[in-house]
Protein chains: 2
Amino acid sequence: MIRGSAMAATIKDVARLAGVSQSSVCRALAKPEQVRPETRERVERAARDLGYYPNRAARGLITGRTANIGVVLPDLANPFFPSVVKAIQTQARLFDYAVFLSDTDEDPAVETSLIRALAKQVDGFLLCSPRAGDEELRACDRELQTPIVVLNRRVSPFPSVTADSADGMRQAVGHLHALGHRRIAYVAGPRTSWSNRDRLRGLRSATSSYDMDLIEAGNVAPTVDGGAAVADLVAASPATAVIAYNDLVALGLLNRFRAREIAVPGRISVVGFDDILLAGLVTPALTTVAIAKEQIGRAGVELLLDLLGGRSPVNKRTPTQLIVRASTGPVPQ
Amino acid sequence: MIRGSAMAATIKDVARLAGVSQSSVCRALAKPEQVRPETRERVERAARDLGYYPNRAARGLITGRTANIGVVLPDLANPFFPSVVKAIQTQARLFDYAVFLSDTDEDPAVETSLIRALAKQVDGFLLCSPRAGDEELRACDRELQTPIVVLNRRVSPFPSVTADSADGMRQAVGHLHALGHRRIAYVAGPRTSWSNRDRLRGLRSATSSYDMDLIEAGNVAPTVDGGAAVADLVAASPATAVIAYNDLVALGLLNRFRAREIAVPGRISVVGFDDILLAGLVTPALTTVAIAKEQIGRAGVELLLDLLGGRSPVNKRTPTQLIVRASTGPVPQ
DNA sequence: TTGAAAGCGATACCAC
DNA sequence: GTGGTATCGCTTTCAA
């Protein structure tokens, strides 16, 4: 490769212009106190004049630290994830980490192959709601030796951040019970989703402790269309209220119910999960279990940094909070 | 650094295990046809056994190609961007590129500093709706020599992909004119946003050719709250229809109008821009100018690859399409 | 306090 | 067809 004037400046260029050695440039920039003020200034001037920024990849090669973190998630089109990613970004930047982002399109195979491909370019991974099996993830880990933190799922032995769905479900069911509902339907999300299983588990425990009937529908894709697809099934069931796997599914239900002129909450109450922006803006506004998305992202980065710093992080569980809006009401007589 | 059994395998390990030189490993993996089948098999076996994946950063150092592209955008919380990013990801993966993502929080200073920091780790940038000034962007470019493609904005001399806002505005204005409206308000987005200026330009030309009055409000943040903040101003104006900078702003208007029981479209018609998922789900559903988000993302990657391949890409303009929904109706008598 | 030199992991070139 | 070696940009001993 021929170095033309067009190439970006390297440490050599700075050294030459400042009239010192590479080592001194490196020190002047990284540990200013170890170098004579005069030298430091010369280096700083030269660096500024050349617009020098160190090549982080080259640095990573020798330090073993890339200052990148990898974020893998199933579907950026689900508004839940951008919120989490945004929080991750913000927190990562605080510690001068950059973010590699990968969308797997809900495909477990893509997921593991992406992890493998990215592994050497990042110091660690934040896997958001990974769809691959526990054993596959462990295999990746053994093979790659890249620290992994899992969000929205618990997979031993990885540190993880999860929402307290059980408590969220308890709140939701308590709310519906107070309104007089005794038969609830649940529209299940993807079979591969740990959150789905977790939410269902919490829901079962809540309904049984309230001695209510639970009717399970699904599984559906975690999208508006997924919800619309089972709306008629739900309507035909004896349920007077329905809890959806997430807000998108709930919105699908709402849409289809409106199209069929099934009154919400007059004839059936609808509860979502996640509290995405949409939930508060539709009519009727959606009652939903809010998840601390920002907190999950932030905590994920913290756990990963702990891991990287040699500390052993503990799993974190973030609170959930029922947000009551217009889509739930008293059971129809 | 001490190489323990815990470290991920390198090309040396593979060479040792296969009993060949590094060079052969490299060739066997990159250009299988240039090596004896027997050697290739030995190498492949060794690589598989060790779980060897090449270090892309190290490779990039020598090839000058990182196989990464950098995506920079102002706010992931605006649903418009995840759609674009998703398309970028999909297209990038087709060509085996990984994506670095950065959210600048609408801050031009963060934007340029991120670009500089990432420059060496990517082969090129896709800047989505960058907020920095033209001259700042050009300065980055001169300094870094990293190819840049700009989305949703035109900044000479960068290749760019933009939506045909003028045509979208023409469609929207034509639609409103046909409904009898003669006085339209526009709620402007961020002053730093090129799209905002572009849309306004298109709108001015459309209203003037229809001989309609244009009342300008704003500038507001491109969010729901931004829209809500000027809703009362708009309501107090003589406008019978309002076009918002984007859908989020339009939803803010819609919300506030409902709170004040200002009928939409009975008393005032509302038009958005972008056609995010939300737009179709609120009540009344939002009439909006749809932008080809996926196409923008895809075209962006294509232009960037052209640039990287030494071809000189031409600017692209993607079509817009008015989606008529319930939020627009005949002018009130 | 500074400089020379080794080396991170991979590729490319040049002999053989 | 294969191996040795220089090299990418940077950090880090180790001497001076």
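In the text below, chain A, chain B and the rest are named by the order of the sequence lines, each starting its count at 1.
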Given atom [atom1] of [X] and atom [atom2] of [N], what is their separation to the nearest angstrom?
X      : N      : atom1 : atom2 : value
B:I11  : C:dG7  : CD1   : P     : 18 Å
A:K31  : D:dT11 : NZ    : P     : 9 Å
B:L29  : C:dA10 : CG    : C1'   : 12 Å
B:L61  : C:dC8  : CG    : P     : 14 Å
A:K12  : D:dC8  : NZ    : C1'   : 8 Å
A:Q121 : C:dA10 : CD    : P     : 12 Å
B:R59  : D:dC8  : CZ    : C1'   : 14 Å
A:R16  : D:dG9  : CZ    : P     : 11 Å

Under 3.5 Å: donor-acceptor pair, side chain of B:R42, backbone of B:A18: yes
Just verifying a value: how many Å separate B:E33 CD and B:R40 CZ, rounded to the nearest 0.5 Å? 8.5 Å
Value rounded to 0.5 Å, distance of CG in B:N68 from CZ in B:R56: 6.0 Å
Contact summary for B:P79 and B:S83, nearest pair of heavy atoms: O-OG, 3.5 Å
Are B:K86 and A:D75 close enough, and set up right, to give a salt bridge (Lys or Arg N to Asp or Glu O under 4.0 Å), and what steps lead you there? CA-CA 8 Å; B:K86 176 139 187 151; A:D75 183 16; 2.4 Å; yes
Polar atoms only, N or O, under 3.5 Å: list the protein pairs with nucleotides 2-6 of chain C and their distances.
unit_1: C:dT2; atom_1: OP1; unit_2: A:R36; atom_2: NE; d: 3.2
unit_1: C:dT2; atom_1: OP1; unit_2: A:R36; atom_2: NH2; d: 3.1
unit_1: C:dT2; atom_1: OP1; unit_2: A:T39; atom_2: OG1; d: 2.2
unit_1: C:dT2; atom_1: OP2; unit_2: A:R36; atom_2: N; d: 3.1
unit_1: C:dG3; atom_1: OP2; unit_2: A:S21; atom_2: N; d: 3.1
unit_1: C:dG3; atom_1: OP2; unit_2: A:S21; atom_2: OG; d: 3.1
unit_1: C:dG3; atom_1: OP2; unit_2: A:S24; atom_2: OG; d: 2.6
unit_1: C:dG3; atom_1: N7; unit_2: A:R27; atom_2: NH2; d: 2.9
unit_1: C:dG3; atom_1: O6; unit_2: A:R27; atom_2: NH1; d: 3.1
unit_1: C:dA4; atom_1: N7; unit_2: A:S23; atom_2: OG; d: 3.3
unit_1: C:dA4; atom_1: N6; unit_2: A:S23; atom_2: OG; d: 2.9

Under 4.0 angstrom between B:Y52 side-chain N/O and C:dA10 OP1 or OP2: yes
Quick one: which of B:S193, B:S129, B:S160 gives a side chain to side chain donor-acceptor pair (under 3.5 Å) with B:N152? B:S129
